[in-house]
Amino acid sequence: MPKILLVEDETSIAENLIYALETEHFEVLHATTAGEALESLDESFHLAILDVGLPDMSGFDLCTEIRKSSTLPVLFLTARDSEVDRILGLELGGDDYVTKPFSPREVAARVRAILRRASSSQRTQQAVTPSDPLYHDEDAMTISSHGQTLVLTAHEYKLLAALMTQPGRIFTREQLLEKAWEDPGSAMDRTIDAHIKSLRAKLRACTPDGSDPIETRRGLGYTLNCD
Ligand code: CA
């Protein structure tokens with residue numbers, strides 16, 4: 001049974017989430033403060049759900065603490081758009097976020113999706129990963145760069161997969177929003193820019209010369225270099 005660390009100080013939100021997650025056969029350990037969460041954290045967890053507004057430390061700082069010793073997937077619960085900007089801008093290593101108010105079932109669905117991605121990228125790493133500059137395993141929904149599986153958020157994955165369908169073609173921000181967001185109307189151009197920025201950082205980390213294949217075409221959009 002996948003084990004989830006839930007860090008949320010609002011009792012009613014926590015209770016609803018615990019109910020939804022346990023119904024979906026997840027084991028949940030609930031902490032109400034970051035301190036409590038760090039004390040409980042060990043190797044047995046599969047994912048952490050972090051409220052951004054915690055009494056003793058922000059969910060962002062807690063994520064940074066967790067990242068010092070673990071690659072545990074993280075789902076943020078945010079209350080404000082300004083917090084979403086931080087998640088997108090700071091490359092905190094969060095895997096996804098949901099904005100309050102949310103339905104507990106939606107959160108459970110996100111958790112399932114993140115765990116599916118995490119386990120398929122593990123499988124791909126164990127199998128032989130082709131050493132192509134970029135390789136898309138559509139079944140596993142993973143992309144590797146120079147033999148290393150990229151740990152991507154859902155949006156980063158969909159953006160890169162879209163760019164890879166036609167290297168050399170310029171995609172406008174609107175076209176990328178259409179391809180990578182379920183509700184393109186709710187996202188903005190700068191959302192694309194923030195995701196592209198974090199995607200490029202991840203690609204550069206895997207490239208021998210520290211370059212990345214995404215090119216910004218000023219005033220037009222983005223394209224993937226084919227050479
Ligand atoms: Ca809170």
Side-chain angles (χ1 to χ4, degrees), residues 1-118 151-157 181-183 185-188 190-191 193-195 197-198 201:
M1 225 196 285
K3 195 170 163 189
I4 293 170
L5 177 64
L6 169 65
V7 194
E8 167 63 76
D9 57 316
E10 272 173 74
T11 316
S12 60
I13 293 179
E15 279 172 355
N16 285 331
L17 273 180
I18 292 167
Y19 178 77
L21 291 165
E22 287 183 346
T23 305
E24 305 255 354
H25 308 293
F26 293 112
E27 184 186 342
V28 184
L29 186 112
H30 176 211
T32 53
T33 63
E36 211 183 301
L38 288 170
E39 255 173 48
S40 314
L41 192 67
D42 60 31
E43 308 254 295
S44 67
F45 289 95
H46 296 84
L47 180 137
I49 301 177
L50 310 181
D51 178 28
V52 171
L54 292 168
D56 54 341
M57 190 191 276
S58 80
F60 299 130
D61 292 339
L62 175 56
C63 180
T64 306
E65 279 303 308
I66 292 174
R67 283 279 172 271
K68 285 181 184 167
S69 61
S70 146
T71 55
L72 191 69
V74 166
L75 174 67
F76 284 112
L77 305 177
T78 76
R80 292 191 301 271
D81 286 347
S82 59
E83 294 172 347
V84 173
D85 286 349
R86 274 197 75 188
I87 295 171
L88 300 179
L90 285 185
E91 297 166 24
L92 276 162
D95 291 273
D96 210 345
Y97 63 90
V98 284
T99 313
K100 293 176 182 178
F102 49 74
S103 81
R105 285 183 58 185
E106 181 195 345
V107 176
R110 293 289 182 95
V111 166
R112 267 200 314 274
I114 295 171
L115 290 176
R116 213 166 34 231
R117 280 204 304 277
V151 180
L152 302 174
T153 66
H155 286 139
E156 289 166 355
Y157 166 75
W181 267 256
E182 275 151 38
D183 179 13
S186 69
M188 282 171 292
R190 65 190 170 89
T191 313
D193 296 341
H195 279 90
K197 186 181 160 203
S198 60

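Numbers here simply count residues along the sequence, with the first being 1. Read the numbers this way: they start at 1 and go in the same order the structure lists the ligands and their atoms. For the numbers below, each heavy atom of this structure counts, side chains included, while hydrogens, waters and symmetry mates do not.
- Note that CG of Asp51 is 11.0 Å distant from OG1 of Thr32, once rounded to the nearest 0.5 Å.
- For a distance bound of 3.0 Å, the N, O or S atoms of Leu54 include none lying that close to the Ca ion (ligand 1).
- Results of the side chain to side chain contact (heavy atoms under 4.5 Å, CB included) test with Leu5 over Ile49, Leu41, Asp42, Leu47 single out Leu41 as the only residue that passes.
- As for Asp9, its N/O/S atom nearest the Ca ion (ligand 1) is the one called OD1.
- Comment: Glu8 engages Lys100 in a salt bridge, judged by a side-chain N to carboxylate O separation of less than 4.0 angstrom.
- Minimum-distance N/O/S atom of Asp51 relative to the Ca ion (ligand 1): OD2.
- Looking at every heavy atom in both residues, Ala34 comes nearest to Val7 through N-CG1, 4.3 Å.
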